[in-house]
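The next block holds one structure in the form of structure tokens; read it before the comments.
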Amino acid sequence: MQIWHPFTQHGLNEPIIEIETSYDEFLITKSGEKIIDGISSWWVNTLGHKNPEITKAIQKEAETLHQIIFAGFTHKPALNVAEHLSEFLPENFTRVFFSDSGSTSVEVALKMAVGYHYNKGQNRSKIVAMEHSYHGDTFGGMASGARSVFNEPYTKMLFEVERIPYPAPGKEEETIKYYKNLLQKEGDKIGAIILEPLVLGSGGMFFYPPFVIEELYKLSKEYGVIFCLDEVMTGFGRTGTMFAFNQTNIIPDIICLSKGLTGGSIPLAATVCGEEIYNAYLSKDKAKMFFHSSSYTANPVVCAAACANLKIWKNEDVLADVRRINNFYQTQIERFKALGCKNVRILGDIFAYEVSHTGNDYVSNAGVKLYEFYRKNGVLLRPLGNTVYVMPPYCIKEESLNKIFDVMEKGIKEVL
Ligand SMILES: *Cc1c(COP(=O)(O)O)cnc(C)c1O
């Protein structure tokens, strides 16, 4: 039996590199090569690989309790996650529903929102999402995400979603107006809006400002639409605050968390909401309960890892490291503009730009060639088409940052 890897065209014989161990910002290959993980192993790793406190918590819980059924039963690690999460979230967030990945946290959010209206006797099953958005690879996630080569074979199977335009710089008001018109026309059929706050990740690291979120939220409230933020990527410091919505003056109805929730160690997801949504399911009638579960929901070992991560966030100034990285980025903007890069932009732990090359799509050759070049030079970066971005674990040392940026410069000069 051989392994079929994700997002991999095996027909191109891309080498698959065996990693033996990892620490901090480094992946160590079987042959002993050290690779700098410039993208936090697909955005999951926040504190660095194999954080000692998280490792200890996993070891300890592994000797205490493995998976148990979570309907009708509970355990200390899950209770602790709920308690620790509320230390970081506004009081409005009173209920946490566990699942296992970013995609499932989105599925839960969408089902939660539509079921809320259903239990109130309303048929509001339409979802609104943003152009270029990404919400995972399960069907609900694909349906709400951008339609592209990623999901083309399944187009007919995906439920219809109303899409508001991406608020590109200078076009923010158009997005707000578009949403307003949409609500005026069919606001009573729309159940929820789901957005990646401040940055559309997989879509190409497109940024937009907090006031757009505030305006879309206000409109949603006027029309009784549930406001969901998919913070799977933005959560846990990526944009410079613990959650992206902390940069706005609104409190969303639902947030989805996953990638950084365990510091990037083992998989867990949480969909968090308030009492209003929860109460719509609260009844003596079993038919009104929330019909959702996954077998490994709230795994105790995973919950222990999340608790250890949240304790670190409580006791240490994690965001100071994000600021340190951001300060470094600021010194690099002019350098990359001078190299001919377009749209050089930074937000929190993210540095991104476009390289000039014809055709900006995921399968574009520039990204593939750059990826190979970076890897041969000991740096892991996976451009999204023509968009090159850096998003390292927050423990990354200046020496490693310098190496990433030097290799990126070399890439521009030698590959393109
Ligand atoms: C990665 C991501 C997801 C999907 O998470 P998985 O854990 O890969 O299922 C959903 N939404 C956003 C914004 C993401 O970045």
Side-chain angles (χ1 to χ4, degrees), residues 24-25 36-48 51 88-89 102 130 132-134 166-167 169 195-214 229-250 252 255-264 309-310 312-314 316-333 335-336 341 343-354 380-384 387-398 400-402 404-405 408:
D24 300 344
E25 71 269 38
I36 301 171
D37 186 352
I39 56 165
S40 302
S41 276
W42 255 348
W43 321 346
V44 298
N45 198 290
T46 46
L47 305 171
N51 176 282
F88 296 99
L89 291 167
M130 192 179 275
H132 302 309
S133 59
Y134 177 77
Y166 160 64
L195 302 168
E196 292 170 87
L198 301 184
V199 47
L200 308 183
S202 297
M205 296 295 157
F206 297 127
F207 301 163
Y208 65 96
F211 83 86
V212 178
I213 298 172
E214 292 165 1
L229 291 183
D230 175 352
E231 293 246 18
V232 169
M233 189 272 266
T234 51
F236 299 94
R238 289 293 175 202
T239 66
T241 44
M242 184 153 185
F243 303 109
F245 84 84
N246 294 143
Q247 295 180 43
T248 71
N249 61 18
I250 63 110
I255 54 171
C256 304
L257 301 174
S258 183
K259 285 176 176 133
L261 181 54
T262 63
N309 174 51
L310 290 163
I312 292 169
W313 274 89
K314 191 176 173 184
E316 294 171 25
D317 189 1
V318 178
L319 292 175
D321 269 326
V322 179
R323 285 192 294 274
R324 174 179 60 82
I325 294 164
N326 192 275
N327 287 338
F328 177 90
Y329 289 167
Q330 287 177 33
T331 67
Q332 302 296 313
I333 295 175
R335 175 182 176 190
F336 279 77
C341 301
N343 208 1
V344 185
R345 55 202 186 272
I346 64 175
L347 179 67
D349 180 58
I350 309 167
F351 184 101
Y353 57 90
E354 273 79 50
L380 168 60
L381 296 176
R382 271 183 76 105
L384 297 155
T387 305
V388 179
Y389 71 92
V390 185
M391 195 198 284
Y394 310 152
C395 69
I396 191 167
K397 288 172 279 295
E398 177 128 356
S400 300
L401 281 170
N402 272 317
I404 293 176
F405 280 73
M408 284 198 300

Working to the nearest 0.5 angstrom, can you tell me the gap between [X] [atom1] and [Y] [atom2]?
{"X": "Leu257", "Y": "Leu229", "atom1": "CG", "atom2": "CG", "result": "10.5 Å"}
{"X": "Ile404", "Y": "Gln332", "atom1": "CD1", "atom2": "CD", "result": "10.5 Å"}
{"X": "Leu198", "Y": "Asn246", "atom1": "CG", "atom2": "CG", "result": "10.0 Å"}
{"X": "Phe207", "Y": "Arg345", "atom1": "CZ", "atom2": "CZ", "result": "5.5 Å"}
{"X": "Ser133", "Y": "Asp230", "atom1": "OG", "atom2": "CG", "result": "8.5 Å"}
{"X": "Asn309", "Y": "Asn51", "atom1": "CG", "atom2": "CG", "result": "8.0 Å"}

Keeping the roles fixed (side chain from [X], backbone from [Y]), state whether a donor-acceptor pair exists under 3.5 Å.
{"X": "Gln247", "Y": "Thr239", "result": "yes"}
{"X": "Glu196", "Y": "Tyr134", "result": "yes"}
{"X": "Ser40", "Y": "Trp42", "result": "no"}

Work out which heavy atom in [X] is nearest to a heavy atom in [Y]; give both atom names and the distance.
{"X": "Ile333", "Y": "Ile346", "result": "CD1-CD1, 3.9 Å"}
{"X": "Ser202", "Y": "Leu384", "result": "O-CD2, 3.8 Å"}
{"X": "Gly48", "Y": "Cys395", "result": "CA-SG, 3.5 Å"}
{"X": "Leu310", "Y": "Met242", "result": "CD2-CE, 4.3 Å"}

Subject >> Pair listing, salt bridge (charged side-chain N to carboxylate O under 4.0 Å, His left out) test, anchored in residues 323-332, at least two apart >> reply: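 Those involving residues 323-332 are Asp317-Arg323, Asp321-Arg324.
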Subject >> Glu354 vs Cys341 side-chain heavy atoms within contact, under 4.5 Å >> reply: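 The answer is no; the side chains never approach within 4.5 Å.
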Original post:
Under 4.5 Å between any side-chain heavy atoms of Phe245 and Pro252, yes or no?
Top reply: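 In contact.
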Original post:
Could you walk me through whether Tyr353 and Tyr389 pass the ring pair (Phe, Tyr, Trp, His ring centres under 6.0 Å) check?
Top reply: CA-CA 7 Å; Tyr353 57 90; Tyr389 71 92; 9.9 Å; no
**OP:** Decide side-chain contact (heavy atoms from CB on, under 4.5 Å) for Leu319 and Trp313; before the verdict, give the C-alpha distance in whole Å, the side-chain angles of both, and the deciding distance to 0.1 Å.
**Re:** CA-CA 9 Å; Leu319 292 175; Trp313 274 89; 3.9 Å; yes
**OP:** Take the angle between the ring planes of Phe236 and Phe243 and call it parallel below 30°, perpendicular above 60°, tilted in between.
**Re:**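 It falls in the perpendicular class, over 60°.
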Original post:
Between Tyr166 and Phe206, how do the two ring planes meet: parallel, tilted or perpendicular, split at 30° and 60°?
Top reply: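 Answer is tilted, since the angle falls between 30° and 60°.
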Original post:
Under the criterion side chain to side chain contact (heavy atoms under 4.5 Å, CB included), which of Val390, Asp37, Ile36, Asp24 is the partner of Ile396?
Top reply: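 With Ile396 as partner, Val390, Asp37, Ile36, Asp24 yield a single side chain to side chain contact (heavy atoms under 4.5 Å, CB included), made by Ile36.
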Original post:
Are the ring centres of Phe328 and Phe351 closer than 6.0 Å?
Top reply: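 Distance test on ring centres: not under 6.0 Å, no.
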Original post:
In chain order, what residues pass the side chain to side chain contact (heavy atoms under 4.5 Å, CB included) check against Asp349, with sequence neighbours excluded?
Top reply: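 For Asp349 the side chain to side chain contact (heavy atoms under 4.5 Å, CB included) partners, ignoring immediate neighbours, are Arg238, Val322, Ile325, Tyr329, Met391, Pro392, Tyr394.
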Original post:
Within a reach of under 6.0 Å around NZ of Lys397, are more than 12 heavy atoms found that belong to other residues, nucleotides or ligands?
Top reply: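 Enclosed.
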**OP:** Begin from the C-alpha positions of Lys259 and Glu231 and carry the test salt bridge (charged side-chain N to carboxylate O under 4.0 Å, His left out) through to its verdict.
**Re:** CA-CA 9 Å; Lys259 285 176 176 133; Glu231 293 246 18; over 6 Å; no
**OP:** Would you sort out whether Leu200 and Met205 count as a side-chain contact (heavy atoms from CB on, under 4.5 Å), showing the intermediate values?
**Re:** CA-CA 5 Å; Leu200 308 183; Met205 296 295 157; over 6 Å; no
Original post:
Among all residues two or more places apart in sequence or in another chain, which pass the side-chain hydrogen bond (donor to acceptor under 3.5 Å, both in side chains) test with Asn326?
Top reply: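 Asn326: side-chain hydrogen bond (donor to acceptor under 3.5 Å, both in side chains) contacts with Gln330.
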